[in-house]
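Input: a single structure, listed below in structure tokens.
Throughout, residue positions are numbered sequentially from 1 according to the sequence presented. Worth saying up front: this structure is predicted, and the values here are computed from it rather than measured.
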Amino acid sequence: MEEKNDVKNEPLDLKVEHKEHENGSVGLNITIDKEQCDNIGNKEKEKVEPHETEEKTENPDTVTEDENKTESTETLIEDGDKTKSSETVAEDGDKTVEPDEYLYTKRDEFTSEIFKIQIQNLPKRFGFAELKKKFIQLEMKPVKMKVWKDICFVTYRCEEDRTDALKKINGLKWRGCELTATPARPAADPLMRKRKQEEGGGYDNKKIKHDDDNLSPVERLKNSVTPLWKIPYEEQLKSKEEEMRGFLRRYHRQLEKNCPDLRKWLSDKRKEFGAIPCELQSIKPSPVIDGYRNKCEFTIGPDLEGNSIVGFRYGTYAQGTICVGSPDDINFLPDMMKTAVKRFQSYILSSSYTAYNPETHVGNWRQLTVRISRLAHCMIMIDFHPQNLSQDTVDCEMQKIKEYFTSGDGKDCGVTSCLFRTTTDKMTGSCTEPYKLLFGDNHITESLSDMKFQISPSAFFQVNTSAAEVLYKTVSDWCTVSQDSIVLDVCCGTGTIGLSVAKNVNKVIGIEMCSQAIDDAKINATLNSVTNVTYHCAKAEDVMKDITKSLYGSTNVVAIVDPPRGGLHSSVLVAIRNCRSINKLVYVSCNVNGALNNLIDLVRPTSKRLKGERFYPIKAVPVDLFPYTNHCELVVLFERNQTNGTAGET
């Protein structure tokens with residue numbers, strides 16, 4: 001899957017208590033639980049489903065960008081004067097306006113943060129999905145749920161729903177605990193909070209200094225987008241391999257804690273491989289390190305001077321910046337992509353509309369996505385906020401874009417297809433509405449490993465085609481399939497991995513929730529004359545149990561899983577584990593932290609939930625698909641090795 005967060009040093013589980021003194025100052029009491037230092041990231045036991053990563057937040061007072069893009073740093077009143085909830089007046093009459101961290105809650109736009117509660121006295125161990133299910137049973141209507149430390153924050157759409165939730169939760173006995181719920185204040189706008197700190201409004205009243213204050217804009221942007229750009233590629237590879245080794249050490253510790261019956265086996269592996277549970281092969285480098293990206297999403301926003309530009313942000317909204325820089329000097333972008341970006345930027349500068357500003361919510365142009373292929377195909381996808389424009393006006397703008405790229409100044413930039421959609425979602429990239437085709441094909445075609453693959457706008461495809469060939473060959477080799485093998489391709493996307501092994505096996509079964517990707521996979525099978533594949537368009541957790549039942553009696557089934565960054569849904573993992581026909585599994589992870597619980601569950605002892613025999617990690621290898629960044633893929637081979645396992649158990 002596409003790269004996400006990289007692996008850093010393991011965080012300590014800190015208990016932070018806020019204490020307000022009589023003089024109004026705030027103090028922090030920080031406690032480190034020593035017993036948890038070796039148990040980071042896996043607090044749940046077998047029966048407990050882990051808190052879902054995507055539902056957590058680092059701090060309950062930090063709102064994500066979708067709910068806190070404040071309108072402005074000041075509000076105009078009828079007489080034209082500028083006012084603010086917090087301001088100081090100097091003797092000469094000048095006003096210094098301080099950023100208001102809660103201004104977004106005073107606007108006309110809806111935010112569920114103003115209808116927020118906090119739930120305490122929760123069990124020490126509980127499943128996030130389990131808690132969510134309980135709320136549904138009580139007919140509550142939460143908008144967002146986030147777990148931070150031992151508190152669960154929940155937001156609602158109106159005061160009536162919040163009041164109803166408070167009544168139902170207070171005094172509720174759940175898993176031996178009596179829950180308490182109280183209203184909670186809205187989370188602070190991270191952009192406004194950052195600005196307040198930078199202007200000397202933090203707790204220590206000192207202006208914050210940044211490491212990049214003395215860097216040029218180009219250096220700042222490269223540090224943000226390609227943080228390893230100054231490091232020689234060989235050093236990048238060494239660093240990534242060591243990070244994966246560190247993760248496997250952590251994995252080994254978790255297996256020791258969760259699989260006490262494998263004590264001897266794990267001890268032997270520790271001695272053999274150096275505190276990791278299996279062989280770690282040398283990282284496989286990307287064949288191409290410059291210009292390797294075949295897809296990129298470009299933000300359209302204000303540059304440092306306030307002019308509209310198409311490029312990358314210097315940082316995140318939560319880091320206190322909305323400014324965008326030019327992508328000209330970013331190493332991983334191919335020239336074809338840079339040319340398309342420049343031409344589109346020329347178009348928006350000549351148009352009647354401006355870039356969308358996430359702080360003020362003013363403007364129209366939001367995002368440009370570019371996909372290219374080795375076959376010289378170039379697709380651009382445009383996201384546009386209509387504001388109060390009529391549909392006729394938007395249609396007119398779409399016609400102008402079409403003319404610009406087909407017969408105007410943009411006709412020579414290589415764009416072969418163009419798609420457009422309007423979106424009013426607060427968070428860029430969260431829109432699920434389909435694009436409207438302005439011209440060209442509704443897909444591009446890519447060449448990979450002597451095969452051709454059709455790729456639709458929203459379908460997943462690895463962003464580094466050359467390195468993807470290395471990845472897929474590794475997966476294929478580790479499957480060691482034969483003509484009687486059945487391959488179960490979970491999270492199959494456009495079918496790339498399954499189709500690459502299909503001609504060497506009896507049958508391939510693909511599962512994917514994106515309908516466009518499944519349509520592409522079926523077409524790709526036809527394009528490559530592959531007839532022994534079937535596809536299921538559904539969430540893997542919804543169909544996995546029935547599919548594994550259909551494999552009953554088969555003796556040579558190999559599962560390949562390439563899940564999103566959060567890992568496989570627990571029910572999918574259980575179905576794989578309980579399907580005794582699956583004797584080998586290749587797990588491809590783009591985010592090892594998100595995969596950790598999956599990897600542990602594969603090895604846990606048998607139980608009422610995990611009835612099938614355990615899998616054993618055999619070997620692992622990192623594959624670098626993302627030069628100049630901290631990310632890489634990790635491939636892990638698992639087998640149900642009965643002989644090896646029995647010999648090692650105590």
Side-chain angles (χ1 to χ4, degrees), residues 13-21 24-31 51-70 85-86 99-124 126-136 138-175 177-194 196-197 202-203 317-318 426-427:
D13 191 1
L14 305 180
K15 183 177 181 181
V16 182
E17 297 179 345
H18 295 258
K19 183 177 181 181
E20 186 171 350
H21 303 292
S25 62
V26 177
L28 297 177
N29 292 329
I30 302 176
T31 304
H51 300 320
E52 296 175 5
T53 304
E54 61 272 23
E55 299 287 355
K56 285 188 178 181
T57 182
E58 291 292 327
N59 189 323
D61 289 337
T62 300
V63 187
T64 53
E65 181 179 339
D66 62 328
E67 287 221 5
N68 86 41
K69 298 169 182 174
T70 52
S85 61
S86 177
D100 185 352
E101 300 171 62
Y102 300 97
L103 179 61
Y104 77 98
T105 65
K106 305 166 188 175
R107 300 168 52 195
D108 292 336
E109 292 186 4
F110 169 77
T111 171
S112 63
E113 283 291 324
I114 61 178
F115 309 114
K116 186 176 182 179
I117 67 172
Q118 60 183 35
I119 304 171
Q120 294 178 284
N121 201 33
L122 291 161
K124 290 184 178 180
F126 68 92
F128 189 92
E130 192 178 5
L131 179 60
K132 201 170 185 178
K133 183 179 180 180
K134 186 65 177 179
F135 287 172
I136 294 173
L138 293 173
E139 297 183 348
M140 292 189 290
K141 306 171 184 176
V143 175
K144 294 189 304 181
M145 293 175 58
K146 294 181 181 179
V147 175
W148 184 73
K149 304 289 183 185
D150 54 353
I151 303 174
C152 180
F153 292 88
V154 188
T155 66
Y156 296 89
R157 292 200 172 275
C158 62
E159 183 60 39
E160 182 181 356
D161 288 349
R162 179 167 75 165
T163 301
D164 179 63
L166 289 170
K167 291 179 181 178
K168 291 178 177 177
I169 295 174
N170 269 309
L172 175 67
K173 293 183 179 179
W174 183 60
R175 296 192 58 182
C177 297
E178 186 172 315
L179 307 187
T180 63
T182 57
R185 68 174 183 175
D189 181 337
L191 180 66
M192 294 295 108
R193 168 177 282 184
K194 192 76 171 179
K196 187 174 182 179
Q197 291 174 335
Y203 291 124
Y317 188 91
K426 292 180 181 179
M427 192 172 196

Practice problem: Determine the minimum heavy-atom distance between Arg175 and Pro123, stating which atoms define it. | Solution: CB-CG, 3.8 Å
Quiz prompt | Verdict with reasoning, Ile119 to Phe135, per side-chain contact (heavy atoms from CB on, under 4.5 Å) | solution = CA-CA 12 Å; Ile119 304 171; Phe135 287 172; 3.3 Å; yes
Quiz item: Can you name the closest pair of heavy atoms from Asp150 and Leu122 and give their distance?
Solution: O-CD1, 3.9 Å
Quiz item: To the nearest 0.5 Å, what is the distance between CG (Leu172) and CG (Leu179)?
Solution: 5.0 Å
Self-check item: Nearest atoms (heavy-atom pairs only) where Leu138 meets Lys168
Solution: O-NZ, 2.7 Å
Exercise. List the atom of Lys144, the atom of Glu113, and the distance in Å for their closest heavy-atom pair.
Key: NZ-OE2, 3.2 Å
Self-check item: Stepwise side-chain contact (heavy atoms from CB on, under 4.5 Å) check, Met140 with Val154
Solution: CA-CA 11 Å; Met140 292 189 290; Val154 188; over 6 Å; no
Quiz item: How many angstroms lie between atom OG1 of Thr182 and atom CD1 of Ile169, to the nearest 0.5 angstrom?
Solution: 10.0 Å
Quiz item: Lys116 and Thr155: which non-hydrogen atoms are nearest, and at how many Å?
Solution: CG-CG2, 3.9 Å
Practice problem: List the steps and the verdict of side-chain contact (heavy atoms from CB on, under 4.5 Å) for Asp161 and Val143. | Solution: CA-CA 10 Å; Asp161 288 349; Val143 175; over 6 Å; no
Practice problem: Rounded to the nearest 0.5 Å, what's the gap from CG on Leu131 to CD1 on Ile136? Could you check? | Solution: 10.0 Å
Quiz item: Should we count CD of Gln120 as having more than 12 external heavy atoms under 6.0 Å?
Solution: yes
Quiz item: Atom CZ in Arg162, atom OH in Tyr156: separation rounded to 0.5 Å?
Solution: 10.0 Å
Quiz item: Quick one: does Pro186's side chain get under 4.5 Å of Thr111's, heavy atoms only?
Solution: no
Quiz item: If you take all heavy atoms of Ile117 and Ala181, which pair is closest and at what distance?
Solution: CD1-CB, 4.5 Å
Quiz prompt | Euclidean distance, Lys146 NZ relative to Cys152 SG, rounded to 0.5 Å | solution = 11.0 Å
